[in-house]
Engineer: 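Below is the structure I would like to discuss, written out as structure tokens.
Basis for what follows: all heavy atoms, side chains included, without hydrogens, waters or symmetry-related copies.
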Amino acid sequence: MTGLDPDNWDDLRRLGHRMIDDMVDRLATLRDGPVWRPMPDGVRTALHDALPSGPTSPDILYERFRALIAPYATGNTHPGFMGWVHGGGTGVGMLAELLAGGLNANCGGRDHAPVEIERAVIGWAARIMGFPDDATGLLVTGSSMANMIAVVTASRAAPDGLALRRQGVGGRKLVGYAAATAHGCIARAFDLTGLGTDALRVLPVDSEHRMDLAALRAAIAADRAAGLEPFIVIGTAGTVDTGAIDDLGTIAEIAAADGLWFHVDGAFGALAMLSPTRRVALRGLERADSVAFDFHKWAQVPYDAGCILVRTPGRQAAAFAQSLAYLSREDRGLAGNAPWFCDLGPDLSRGFRALKVWMTLGTYGTDRMGLMVDECCTVAQHLARRVDAEPLLERLAPVGLNIVCFRVRVPGVDLDWLNGELVKDLHESGVAAPSTTMVDGVRAIRAAIVNHRTVAADVDAMVDALLRLLAERLEIVAD
């Protein structure tokens with residue numbers, strides 16, 4: 001027999017039931033274990049097997065998963081995970097992944113229900129962001145790809161921009177604008193699209209870590225005077241370091257007055273639009289020409305589930321659509337149902353990401369998701385107050401949404417080194433997993449409250465552990 005189906009479907013069913021039971025048990029008991037644990041050398045070596053030439057029982061492979069993989073995952077499902085900006089996932093999202101895998105649908109296009117689910121999800125996303133109902137978009141790996149698609153789409157929307165698809169960008173002097181606090185994927189998008197990082201004007205920020213708008217106006221004027229072609233300004237809704245939100249409303253006005261494409265990188269912060277109390281900070285986002293964000297962050301959808309939305313229909317297709325004989329669209333049959341998602345971005349082969357978004361939003365509803373966003377911000381404010389109350393701790397930035405940047409401050413010690421070491425100590429303790437960043441030139445401990453499971457007691461446990469680890473290190477230094 002040359003096929004790959006099992007001889008006994010009941011054996012596979014039994015294993016599947018066991019996997020689901022084990023993973024649900026894992027989610028239900030997360031607090032009982034560490035956030036993260038270092039992977040022993042023996043485990044790391046054991047994962048690098050020789051290429052298997054013969055079969056291995058799925059039961060044996062699953063036992064290896066339980067012993068060698070599951071205990072050493074990133075840890076972002078755990079309530080003590082506060083590093084970077086990772087969502088915590090949900091049990092419903094996990095099951096949606098199983099269902100999507102069972103269908104094994106290619107959502108590049110054609111006429112089938114998974115494509116309609118993605119269209120429905122894009123429609124939901126447009127309503128969340130305040131975009132028109134006919135806005136276009138698609139689900140991608142994450143905001144890095146979404147931001148790149150936005151840069152490409154904006155460049156093709158510039159005067160004579162469609163010629164770039166044939167002639168390339170070498171003959172043009174396109175320039176764009178973003179604050180120094182913009183995510184690194186923005187500069188990377190300019191690099192990989194051939195515009196070059198020199199074409200991105202990196203603007204200073206104000207005392208609240210927001211784009212300096214006077215600097216934006218001056219840069220646009222100077223570039224036009226020099227014969228360059230300003231085409232895009234990129235605002236950030238939730239900077240990666242501190243969670244600051246640029247003045248999106250004023251940026252929208254500047255972009256409109258100067259004929260620039262206004263894009264918002266809202267990787268995690270854009271989903272504050274779910275919250276009736278937090279969305280006011282995002283005023284102006286609804287005026288953007290495009291927005292990038294991740295459902296796998298604050299919306300708690302399993303990785304990966306990024307999203308790009310474009311306000312005006314036809315703009316994405318103008319930038320990406322191809323006419324190829326082997327991808328011809330028909331008026332009926334499986335090859336119908338144009339336009340296809342492969343016309344809106346670079347990927348032809350696309351998984352069924354939309355199902356886990358559809359099931360997550362459908363299960364919880366936007367009202368409950370908005371409350372979850374509020375609760376994350378409330379926990380962050382609790383942490384900020386705790387930091388402010390501790391004599392040995394110093395907060396380094398305002399807390400606009402859900403990110404708290406602070407450091408340990410003791411005299412006579414290299415503070416950048418000390419804070420970096422303490423974060424590594426925290427990771428290895430298993431109590432909590434914040435990350436580090438640089439704020440105004442100094443190393444900060446950065447706690448991002450994105451996991452829906454994280455409560456005030458978890459951030460208190462992190463601070464308690466941090467102070468205990470600090471005392472141990474100071475005792476060693478004193479000895």
Engineer: Taking CH2 in Trp358 as the centre, count heavy atoms belonging to other residues, nucleotides or ligands within less than 6.0 Å. Is the count above 12?
Structural biologist: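 Counting neighbours around CH2 of Trp358, 12 or fewer heavy atoms of other residues, nucleotides or ligands fall under 6.0 Å, so no.
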Engineer: Output yes when Arg353 and Glu118 qualify as a salt bridge under the 4.0 Å nitrogen-oxygen rule, no when they do not.
Structural biologist: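 Between Glu118 and Arg353 there is no salt bridge, as every charged N stays at least 4.0 Å from the carboxylate O atoms.
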Engineer: Check the pair Thr141, Asp304 against side chain to side chain donor-acceptor pair (under 3.5 Å), reporting the backbone distance first and the verdict last.
Structural biologist: CA-CA 5 Å; Thr141 53; Asp304 53 35; 5.4 Å; no
Engineer: Do the side-chain N and O atoms of Asp265 and Thr236 include a donor-acceptor pair separated by under 3.5 angstrom?
Structural biologist: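 Note: Asp265 and Thr236 side chains miss the donor-acceptor criterion.
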Engineer: Are more than 12 heavy atoms from other residues, nucleotides or ligands located less than 6.0 Å from atom CZ of Arg409?
Structural biologist: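 No, the 6.0 Å shell around CZ holds no more than 12 heavy atoms from other groups.
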Engineer: State whether a side-chain donor-acceptor pair under 3.5 Å links Thr277 with Asp374.
Structural biologist: yes
Engineer: Taking CG in Asp414 as the centre, count heavy atoms belonging to other residues, nucleotides or ligands within less than 6.0 Å. Is the count above 12?
Structural biologist: yes
Engineer: So Thr136 and Gln316, side chain to side chain donor-acceptor pair (under 3.5 Å) or not? Walk me through it.
Structural biologist: CA-CA 7 Å; Thr136 63; Gln316 276 183 279; 2.6 Å; yes
Engineer: Check whether any side-chain heavy atom of Cys307 lies under 4.5 Å from a side-chain heavy atom of Val357, and answer yes or no.
Structural biologist: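 When only atoms from C-beta onward are counted, Val357 and Cys307 do not touch, as no gap falls below 4.5 Å.
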Engineer: Is Arg188 atom CZ crowded by more than 12 heavy atoms from other residues, nucleotides or ligands, each under 6.0 Å away?
Structural biologist: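 Open: at most 12 neighbouring heavy atoms sit under 6.0 Å from CZ of Arg188.
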Engineer: Is the closest basic N to carboxylate O distance between Glu390 and Arg386 below 4.0 Å?
Structural biologist: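 Salt bridge present between Glu390 and Arg386.
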Engineer: Taking everything shown except Arg283 itself, do over 12 heavy atoms lie less than 6.0 Å from its CZ?
Structural biologist: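 Atom CZ in Arg283 is not crowded, with 12 or fewer foreign heavy atoms closer than 6.0 Å.
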Engineer: Regarding Trp261 and Ser290, is there a side-chain donor-to-acceptor distance under 3.5 Å anywhere?
Structural biologist: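 Ser290 and Trp261 do have a side-chain donor-acceptor pair below 3.5 Å.
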Engineer: Judged by atom type as modelled, is there a donor-acceptor pair below 3.5 Å linking the side chain of His263 to the main-chain atoms of Ile234?
Structural biologist: no
Engineer: Ion pair present between Glu229 and Lys173, side-chain N to carboxylate O less than 4.0 angstrom?
Structural biologist: no
Engineer: Can you tell me how far CD1 of Ile117 sits from SG of Cys107, rounded to the nearest 0.5 angstrom?
Structural biologist: 10.0 Å
Engineer: Can you name the nearest heavy-atom pair linking Leu260 to Asp289, along with the distance?
Structural biologist: O-OD2, 4.0 Å
Engineer: For Arg31, look at atom CZ and say whether over 12 heavy atoms of other residues, nucleotides or ligands are found less than 6.0 Å away.
Structural biologist: yes
Engineer: Would you call Arg210-Asp246 a salt bridge at under 4.0 Å N-O?
Structural biologist: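 Looking at Arg210 and Asp246, the cut-off is not met.
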Engineer: Can a donor-acceptor pair be found, under 3.5 Å and without considering hydrogens, that links the side chain of Asp347 to the backbone of Ser349?
Structural biologist: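 Between the backbone of Ser349 and the side chain of Asp347 there is no qualifying donor-acceptor contact (under 3.5 Å).
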Engineer: Assess the residue pair His382 and Asp460 against the criterion (side chain to side chain donor-acceptor pair (under 3.5 Å)); give the C-alpha distance rounded to whole Å, side-chain angles, the decisive distance to 0.1 Å, and a yes or no.
Structural biologist: CA-CA 9 Å; His382 174 87; Asp460 283 334; 3.1 Å; yes
Engineer: Do we see a donor-acceptor contact under 3.5 Å between the side chains of Thr90 and Gln300?
Structural biologist: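 Judged by distance alone, the side chains do not pair up.
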Engineer: Can you tell me if Asn451 uses its side chain to pair, donor with acceptor, with the backbone of Thr77 under 3.5 Å?
Structural biologist: yes
Engineer: Test your reading of the model: is there a side-chain donor-acceptor pair from Arg156 to the backbone of Ala163, 3.5 Å cut-off?
Structural biologist: no
Engineer: Heavy-atom distance under 4.5 Å between the side chains of Tyr364 and Met372, does that happen here?
Structural biologist: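 They are not in contact (no side-chain heavy atoms under 4.5 Å apart), so the answer is no.
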Engineer: I'd like to know if Asp160 pairs up with Arg172 as an ion pair, taking the criterion as any Lys NZ or Arg NE/NH1/NH2 lying under 4.0 Å from an Asp or Glu carboxylate oxygen.
Structural biologist: no
Engineer: Which of parallel (below 30°), tilted (30 to 60°) and perpendicular (above 60°) describes Trp36 and His427?
Structural biologist: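 Trp36 vs His427 ring planes: perpendicular.
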Engineer: Classify the side-chain pair Asp294/Tyr303 by whether it contains a donor and acceptor separated by less than 3.5 Å.
Structural biologist: no
